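We count ligands from 1, going down the list as the structure has it; atoms in each ligand are counted the same way. Basis for what follows: all heavy atoms, side chains included, without hydrogens, waters or symmetry-related copies. These figures come from a predicted structure and were not determined experimentally.
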Amino acid sequence: NTGIAMIGSGSATPPVSLDNQRLSQIVETSDEWIASRTGIRDRRVADPQTSLCSLATAASKQAIAMAQIDPSEIDLIVLATSTPDDLFGSASQIQAQLGATQAVAFDLTAACSGFIFGLVTAAQFIRTGVYKTVLLIGGDILSRWVDWSDRRTCVLFGDGAGAVVLQASECDRLLGFELRSDGTQNGCLNLSFQAQPQPLIDQITVSPGTYQPITMNGKEVYRFAVKKVPEVIEKALFRADLTVDQINWLILHQANQRIIDAVAQRLNIPSDRVISNLANYGNTSAASIPIALDEAVRAGKIKPGDVIATSGFGAGLTWGAAIFQW
Ligand code: ACO
């Protein structure tokens, strides 16, 4: 089987920021409440001109440039998102905007676990020798789907996209992974379709409708993350035949600083090896891991050969971990 290497990263966020102070003019909240409970101080929001495809394409161009490949070399584009511009899928539009003429492109939905699920999916195509070069994007515009009058959710999320280029390699740098789902807890976190039934003819009723804003049981999601994320990282480490002290960096889905701190503590990972950009961007769903990764790579924090443990978790419920070497 062929090995997998990550050879480029990129990220893009909308220019408009909405800090806690300004949010407190919209809903009854405060910088103190939000920052102390979540670590979030600022977030970026997409204006009506900013599409998911434009963010994803911008992030992809950076990743392609770092990888020093031509877009025509890309065999597959996987877009992990829950907020496509088009429910039929947005990956093809990105393929067109990049001029990745040879690539097949599709969307993958796994909420905040999307990047990890996408990474493992992309890796299978490389492992089997079917494809050589894959562009993986995690991107979401959750500002489209929050209820901006609900202070329990609207303070948490932000918009953005991150991308990586994966390529077949003799030296395998995807060292281990583990994916999980638990649909029995689906009701904890939803962005669900609500039908408005419309009798059509005779006995036939159809159900047009629309998606409803995000609903979340914050306490349940918190408990779930703090319990399951350390377990799944330990499992992925076991598969990689590594121990916690061999990890250079921990990059978790950026949902809440308290979740990040609790997981790091349970795994005994010192805080100077934990990457967090939550203060600037809030929870960008499928984009949070690749944005954090890209920023740390560009800042020179993550160096070639470093071992990174990463974990995504969220709606579904879904969660997973991957251990890879930069
Ligand atoms: N500002 C001020 N007060 C608030 C706010 C706010 N933004 N939000 C809630 N409150 C109030 C509540 O109304 C409640 O008041 P009450 O007691 O008078 O009813 C009080 O604060 C406590 O509310 P809780 O919801 O119990 O607050 P909690 O301490 O649980 O913190 C939080 C809420 C931060 C959401 C926490 O539960 C959490 O982080 N959970 C994890 C959520 C998460 O990470 N979700 C995303 C992961 S999955 C994914 O990424 C899609």
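Counted by atom type alone, R37 and N256 present zero donor-acceptor pairs between their side chains at under 3.5 Å.
Centroid-to-centroid, the aromatic rings of F157 and W145 stay 6.0 Å apart or farther.
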Between R144 and D85, is the salt bridge (charged side-chain N to carboxylate O under 4.0 Å, His left out) condition met? List the steps. CA-CA 10 Å; R144 287 174 174 169; D85 295 327; 2.9 Å; yes

Decide side-chain hydrogen bond (donor to acceptor under 3.5 Å, both in side chains) for Q124 and Y131; before the verdict, give the C-alpha distance in whole Å, the side-chain angles of both, and the deciding distance to 0.1 Å. CA-CA 9 Å; Q124 306 314 306; Y131 296 134; over 6 Å; no

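In this structure, D47 places its CG atom where more than 12 heavy-atom neighbours from other residues, nucleotides or ligands lie under 6.0 Å away.
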Atom pairs, nitrogen or oxygen, ligand 1 to protein, under 3.5 angstrom:
{"from": "ligand 1", "atom 1": "1 (N)", "to": "T29", "atom 2": "OG1", "distance (Å)": "2.6"}
{"from": "ligand 1", "atom 1": "3 (N)", "to": "W33", "atom 2": "NE1", "distance (Å)": "3.4"}
{"from": "ligand 1", "atom 1": "7 (N)", "to": "T29", "atom 2": "OG1", "distance (Å)": "3.1"}
{"from": "ligand 1", "atom 1": "7 (N)", "to": "R151", "atom 2": "O", "distance (Å)": "2.9"}
{"from": "ligand 1", "atom 1": "13 (O)", "to": "R151", "atom 2": "NH2", "distance (Å)": "2.9"}
{"from": "ligand 1", "atom 1": "26 (O)", "to": "K219", "atom 2": "NZ", "distance (Å)": "2.5"}
{"from": "ligand 1", "atom 1": "30 (O)", "to": "K219", "atom 2": "NZ", "distance (Å)": "3.0"}
{"from": "ligand 1", "atom 1": "37 (O)", "to": "G218", "atom 2": "O", "distance (Å)": "3.4"}
{"from": "ligand 1", "atom 1": "39 (O)", "to": "N256", "atom 2": "ND2", "distance (Å)": "2.4"}
{"from": "ligand 1", "atom 1": "40 (N)", "to": "G218", "atom 2": "O", "distance (Å)": "2.9"}
{"from": "ligand 1", "atom 1": "50 (O)", "to": "H253", "atom 2": "NE2", "distance (Å)": "2.7"}
{"from": "ligand 1", "atom 1": "50 (O)", "to": "N283", "atom 2": "ND2", "distance (Å)": "2.6"}

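The existence of a salt bridge linking E231 and K227 is confirmed by a sub-4.0 Å separation between a basic side-chain nitrogen and an acidic carboxylate oxygen.
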